[in-house]
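Chain letters run A, B, ... following the sequence lines, proteins first, then strands; residues in each count from 1.
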Amino acid sequence: MIAEVIVDVAAHPIDRPFDYAIPKAVEVLAEPGMRVKVPFGNRKVLGFITNIKQSSDFDPKRLKPIHELMDVTPVLNEELLQMAQWMKKQTVCFEIDALQVMVPAALRAKYEKRFVLNAELEEILPPLRPYFENRSFIRLQDAVEVYALLKKEMDKGTIIADTDIQQQTAVKKVRMIHVADTIEVLETIEIRANAKQQLKLMEYFLKNTGQSIESSQLQKIAGVSLPTIYSLVDKGAAQISNMESYRDPKLLSNIEHKASLKLTGAQQIAFDRIEAALNTPKTFLLHGITGSGKTEIYLQTIDQVLKQGKEAIMLVPEISLTPQMTIRFKERFGDQVAVLHSGLSAGEKYDEWRKIQRAEVKVVVGARSAIFAPFQNLGLIILDEEHESSYKQDDSPRYHARDMAIWRSEYHKCPVILGSATPSLESYARAQKGVYELLVLEKRAKNQPLPDVHIVDMREELRNGNRSMFSVQLADAIRDRLEKKQQTVLFLNKRGYSSFVLCRDCGTVMQCPNCDISLTYHRSSEMMKCHYCGYDERVPTTCPECESEHIRFFGTGTQKVEEELAKVVPEARVLRMDVDTTRTKGAHEKILSAFGEGKADILLGTQMIAKGLDFPNITLVGVLSADTTLHLPDFRAAEKTYQLLTQVSGRAGRDVLPGTVFVQSYTPEHYAITLAKDQLYEPFYDREMTMRRASGYPPYYFVVNIQFTHEDLMTVAEYADQTVRYLKGQLSPNTLIIGPSASLISRVNNRYRYQCLIKYKKESKLIDTMQQLIKIHRTEWLKKGATLSIDMNPTSVM
DNA sequence: TGTTGGGCCATA
DNA sequence: ATGGCCCAACAG
């Protein structure tokens, strides 16, 4: 028997199945979807069996056998294997990348170079001997200091280099103690009178014959130590066994079940439409303003799916996967829910994944990659906040969870719900065309009014001599809420620029030596950092160019705002949430819960606070500068701004108390800002569609972004140029090719970057042409040191 | 003449 | 990707 294996080597010439002989001994076990260790060249690598067949076209004498099966049950089923092939084609990625992204990180291989002793200890050089005492190999990282000596031995053949493939995380095991079944057995056991601990434990055993208990529990309950347990086990009073167990990431066990809420009229209509379509591969776009109760519809449709004995996937943007959200699902579905998010360790994620694979859970709530949950009988897929760009992975494989969801829905004949208050233009356009069915929720579920949004013209403020970052109106409102003991959220729209260092004498801005971008000032570490290559250096006291001492920090970071805020309201208790304060695990939740408990008056943060915040006492939201996303050189700039403003405004007045929002802007007349004020999505959509049509961007055109990099500027420019000429020859005349041009950040890590953009409406040869492009890259440019990356349907083209 | 290093090639 | 192989350059 022959196995087709996709090996774990991400390179163009390797991106195809390799045939391996299946050893007789494992023939009955081997199945597609299993991981294997195989010899590849002169090393061993991990691979996935994608197919099993009777014979191979490859010379049978040169066929190598599979070295080892890594699984007893396949980690990928037939559906996911098929989907990987489709993903490979659609996103132009390596098949191995597509396969790897579908399994939890814990199952991906970790390679470790090591040196194996191939002779008697006495035969090798004396200084090396201590390293090999009591073991047959040492790891490369432990042997750096004797590397030269090792090399000598390797030439003699007494030591050989080897790569070891390890699984990153193992199944967690717990020690179970099984007490003897009858009292009679226990009574025959003799314990010395002074062995107090053993007697104590025996007392417990006598009361719990035939019971099984986890040893750590037993230690606590009986008040004895592990050796005591072992001595009684030795005497035959109990048995020890290892049992597989799951890591418990959070103690969410005593959550009370909550019943469904009564649906409003609009919710009921939407629910009925979806319910009628269960068991059909249909996509719904659920457009509901913030607070209109989309989640309740999700919960109740999932409930219907469970009643049919099927499973459901609920995707949410990583950032909104807050405990609040998790709890809501646990309340409704109890331990039928698995939760997958980035806060979990690799082991914890693996455990959640195993629960899905073993069909121990019926619902998974998770971020992007949860779309690959290995359910066999999927009944529903939901993407909440469907417009979020985090649903698109921004490195290979550059897949969009929405596309994967629709593919799976066709495979399983089940519906997809895309939910959003501000749908992506692509999805809304499809709904308009009838490709998706549009469901609308126009009112808030608890009938609260929308927050009262005021747009503040910051140019006016400047003219009136207010040079601070808080307008008079916003500052007054903050003070007012402070008096009323209500809470404020301040949102700093920071994307696009950050704090940099500028010399006031010569105008020098500190740049990264490897990249074409300015360094960012980090106050917490007093360092200048490059966000692209990780370069850092100490903050200078004088200008590196002209030695002037007049250097200062520019830009608005959250820390800067915090300082300014202290001047406006010195008595306020402020919580800051940004990359600096949320670096540690669980910090995000800690800050949010502290704010929820009223331990602060003001929450100040960046993008990350735009979602998931749902506290009744927030009555004021301030957007410090609405413009920063607006003027980015990206076709989605207006869409992103509209979405962000709507999102942020929705944080205010979610309960009984009405909310007020102040949006500060230097371009307050822009339609993305004025239309977000009253959540006028339709007018915004019409307006923005006109712009997209005029400039030839999605949804009118599909876009492909191709990026080239090389150490040498001339080479990369030439490569880009040749490619564009090639594309023009291949693609249809209606297709537009923009560029080539230098990327916005034209150098990263000492490599120059060029890009070009393909815009097309209909291009049947597109995938073929892209594959052709890769072939050319492989034969002509790869060895020159150039890289090529293709991004189909990019979320941004910067 | 032995040693180091870059281009090239195959990987089943 | 990555190790092996071959040839050429280079110091001894």
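- Remark: R129(A) is not positioned above the aromatic ring of Y131(A), lacking an NZ or CZ atom under 6.0 angstrom from the ring centre and at most 45 degrees off the axis.
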Applying ring pair (Phe, Tyr, Trp, His ring centres under 6.0 Å) to F94(A) and H12(A), what does each step give before you reach the verdict?
CA-CA 7 Å; F94(A) 300 125; H12(A) 287 119; 4.8 Å; yes
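- On the nucleic acid side, DNA chain C has its first and last nucleotide under 4.0 Å of a heavy atom of chain A at dA1(C) to dG4(C), going 5' to 3'.
- Within 6.0 Å of CZ on F702(A) lie no more than 12 heavy atoms contributed by other residues, nucleotides or ligands.
- Among the protein residues, I2(A) comes within range of no part of the nucleic acid, since none of its heavy atoms lies under 4.0 Å from any strand.
- The only member of H710(A), H777(A), K784(A) that meets side chain to side chain donor-acceptor pair (under 3.5 Å) when paired with Y719(A) is H777(A).
- On the nucleic acid side, DNA chain B contacts chain A at distances under 4.0 Å to non-hydrogen atoms, with the end points of that region at dT11(B) to dA12(B).
- Geometric assessment of R16(A) against the ring of F18(A) yields a positive cation-pi assignment under the 6.0 Å and 45° thresholds.
- Seen from the ring of Y246(A), K355(A) counts as a face-on cation partner, given the 6.0 Å and 45° thresholds.
- Under a cutoff of 6.0 Å and an axis angle of 45°, R114(A) and F137(A) form a cation-pi pair.
- Relative ring orientation between Y697(A) and F635(A) is described as parallel, the plane-to-plane angle staying below 30° on a 0-90° scale split at 30° and 60°.
- Of the residues in residues 34-46 of chain A, those with a non-hydrogen atom less than 4.0 angstrom from any atom of DNA chain B are P39(A), F40(A), G41(A).
- Heavy atoms of other residues, nucleotides or ligands lying less than 6.0 angstrom from CD of E244(A) number more than 12.
- With hydrogens and angles disregarded, no donor-acceptor distance shorter than 3.5 Å links the side chain of Q771(A) to the backbone of D768(A).
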